Amino acid sequence: MTNHLPDCMSELERAINRLDFYRLFKALCVEFDVELLTLFEMNNWPEEEATESLMVVVNSDEHINLDLDTVVVSSENEIFSDLRRSIFHKVWNSDQLSKNIDFCGQITKSYGLTIPLHTQNGRHFRFWLMLDEKSVKTHQANMIALCLKMVFERFFNELLAPTSFPVISPRELEVIRWSSEGKTSIEIAIILGLSEHTINSYTTKILQKLQVVNRAQMVATAIRMGLIK
């Protein structure tokens with residue numbers, strides 16, 4: 001039974017690009033006998049009709065009829081709906097998979113493992129793995145989840161956070177929060193002890209950073225991105 005980190009984890013601190021992380025995820029798939037690994041961002045799902053994977057790793061010599069650049073999960077998927085706000089990893093059996101994953105018949109292994117990931121800025125991600133019962137029992141879901149979470153944390157910090165998440169200053173965040181409470185620029189100015197002109201200037205900068213055109217869209221986008229609740 002595996003009770004220590006795999007040797008490949010020694011490469012974690014040197015991973016800086018997408019290929020490095022793909023190799024790490026691939027090595028973990030080999031270590032834990034995982035046939036398919038996918039990583040999804042959940043913030044805009046199921047408000048959108050489907051969510052696409054950020055990473056797909058296949059560990060199989062057999063031909064699998066999948067687009068290896070992306071896997072799409074429908075908003076009707078009961079497993080992802082059930083786990084959208086989960087904080088615990090969970091193992092799914094073959095009956096549950098066959099009802100929810102339309103490509104599971106193309107993969108020989110019959111168990112699924114879902115691992116939720118929550119970043120400090122409120123973004124939510126999910127690992128979806130395909131593996132067999134023997135692998136789950138041999139390696140323990142806890143160890144698989146631990147290793148993947150460690151790799152994901154660096155993957156997020158190195159690749160996802162810098163490129164896809166705008167830098168919002170603490171003062172700008174206050175403007176967003178008070179705007180979400182329905183406060184006007186004048187009211188926010190009084191609360192923060194600033195001029196209305198300054199608040200409007202902050203608001204303009206926020207709109208540009210979030211690439212939206214008005215305060216309603218600003219608040220909605222900030223909520224989706226996890227800036228505010």
Side-chain angles (χ1 to χ4, degrees), residues 12-22 24 38-56 69-75 80-81 83-87 115-127 148-229:
L12 181 57
E13 293 302 317
R14 292 191 285 272
I16 58 173
N17 57 49
R18 193 170 185 84
L19 181 58
D20 289 340
F21 287 105
Y22 179 87
L24 267 173
T38 55
L39 173 63
F40 297 92
E41 181 168 8
M42 307 296 291
N43 283 63
N44 296 333
W45 189 91
E47 285 81 4
E48 297 179 355
E49 292 184 358
T51 182
E52 292 187 358
S53 55
L54 300 172
M55 177 72 71
V56 181
D69 292 325
T70 183
V71 171
V72 179
V73 173
S74 166
S75 60
F80 274 66
S81 295
L83 291 178
R84 187 165 181 258
R85 294 180 174 83
S86 174
I87 60 174
I115 303 171
L117 305 152
H118 306 286
T119 66
Q120 292 183 347
N121 54 28
R123 294 173 70 182
H124 307 290
F125 297 81
R126 187 81 71 242
F127 275 119
L148 287 175
K149 286 179 179 180
M150 290 175 65
V151 176
F152 170 80
E153 182 177 357
R154 184 166 178 85
F155 178 68
F156 178 82
N157 290 334
E158 290 292 327
L159 298 184
L160 300 183
T163 59
S164 59
F165 201 74
V167 178
I168 303 296
S169 71
R171 183 64 81 183
E172 289 170 341
L173 189 57
E174 287 183 298
V175 172
I176 296 174
R177 285 172 175 164
W178 285 115
S179 296
S180 71
E181 298 289 334
K183 303 297 184 182
T184 65
S185 294
I186 295 177
E187 291 172 326
I188 297 174
I190 294 173
I191 293 171
L192 299 182
L194 302 171
S195 69
E196 182 183 3
H197 173 77
T198 299
I199 297 301
N200 288 333
S201 178
Y202 277 126
T203 301
T204 299
K205 291 179 180 178
I206 297 168
L207 296 179
Q208 293 173 347
K209 288 182 178 181
L210 299 185
Q211 300 181 10
V212 295
V213 298
N214 56 47
R215 291 176 62 162
Q217 291 182 3
M218 174 185 76
V219 171
T221 299
I223 291 173
R224 285 200 305 271
M225 298 179 74
L227 291 172
I228 59 174
K229 296 181 178 180

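The structure displayed is predicted, hence computed values, not measured ones.
- Separation of atoms CD1 (I115) and NZ (K149) is listed at 7.0 Å; rounding is to 0.5 Å.
- Here the straight-line distance linking atom OG1 of T203 with atom CG of N200 works out to 6.0 Å at 0.5 Å rounding.
- Note that OG1 of T198 and CD1 of I188 are 12.5 Å apart. Values are rounded to the nearest 0.5 Å.
- For S201, the side chain to side chain contact (heavy atoms under 4.5 Å, CB included) partners are K205, not counting sequence neighbours.
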Item to check | Derivation of the side chain to side chain contact (heavy atoms under 4.5 Å, CB included) call for Q211 and T221 | outcome: CA-CA 9 Å; Q211 300 181 10; T221 299; over 6 Å; no
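- The minimum heavy-atom distance between L207 and V213, with the atom names listed, is CD1-O, 4.1 Å.
- Residues passing the ring pair (Phe, Tyr, Trp, His ring centres under 6.0 Å) test with F127, sequence neighbours excluded: F25.
- In terms of heavy-atom proximity, R215 sits nearest to S179 at NH2-OG, 3.0 Å.
- Relative orientation of the H124 and H118 rings is perpendicular, given thresholds of 30° and 60° on the angle between their planes.
- Evaluated for a ring-ring contact (aromatic ring centres under 6.0 Å, His included) with F21, the options F156, F155, F152 yield exactly one hit, F155.
- Within the 4.5 Å cutoff, the side chain of L210 has no heavy atoms near those of the Q217 side chain.
- For R177, the salt bridge (Lys or Arg N to Asp or Glu O under 4.0 Å) criterion is met by no residue, not counting sequence neighbours.
- Using a 4.5 Å cut-off on side-chain heavy atoms (C-beta onward), L194 and Y202 make contact.
- Nearest approach of T119 to F125, heavy atoms of both residues: CG2-CE1, 3.9 Å.
- Around the CD atom of E153, the shell of radius 6.0 Å holds no more than 12 heavy atoms that belong to other residues, nucleotides or ligands.
- Between L148 and L39, the closest side-chain pair of non-hydrogen atoms is not below 4.5 Å.
- A search for salt bridge (Lys or Arg N to Asp or Glu O under 4.0 Å) contacts involving E181 returns nothing, not counting sequence neighbours.
- Applying the 6.0 Å contact sphere to CD1 of I191 captures more than 12 heavy atoms from other residues, nucleotides or ligands.
- Two residues are said to be in side-chain contact when any heavy atoms from C-beta on lie closer than 4.5 Å; L173 and I228 meet this criterion.
- The shortest side-chain heavy-atom distance between I199 and W178 does not fall under the 4.5 Å cut-off.
- The CD1 atom of I206 lies 5.0 Å from the CD atom of E172; values are rounded to the nearest 0.5 Å.
- Remark: F40 pairs with F80 by the ring pair (Phe, Tyr, Trp, His ring centres under 6.0 Å) rule, at least two apart or across chains.
- In this structure, the separation between OG on S180 and CE on M218 is 8.0 Å, given to the nearest 0.5 Å.
- With sequence neighbours excluded, the residues satisfying salt bridge (Lys or Arg N to Asp or Glu O under 4.0 Å) with R154 are E13, E158.
- Looking at heavy atoms from C-beta onward, K209 lies in side-chain contact with I168 at the 4.5 angstrom threshold.
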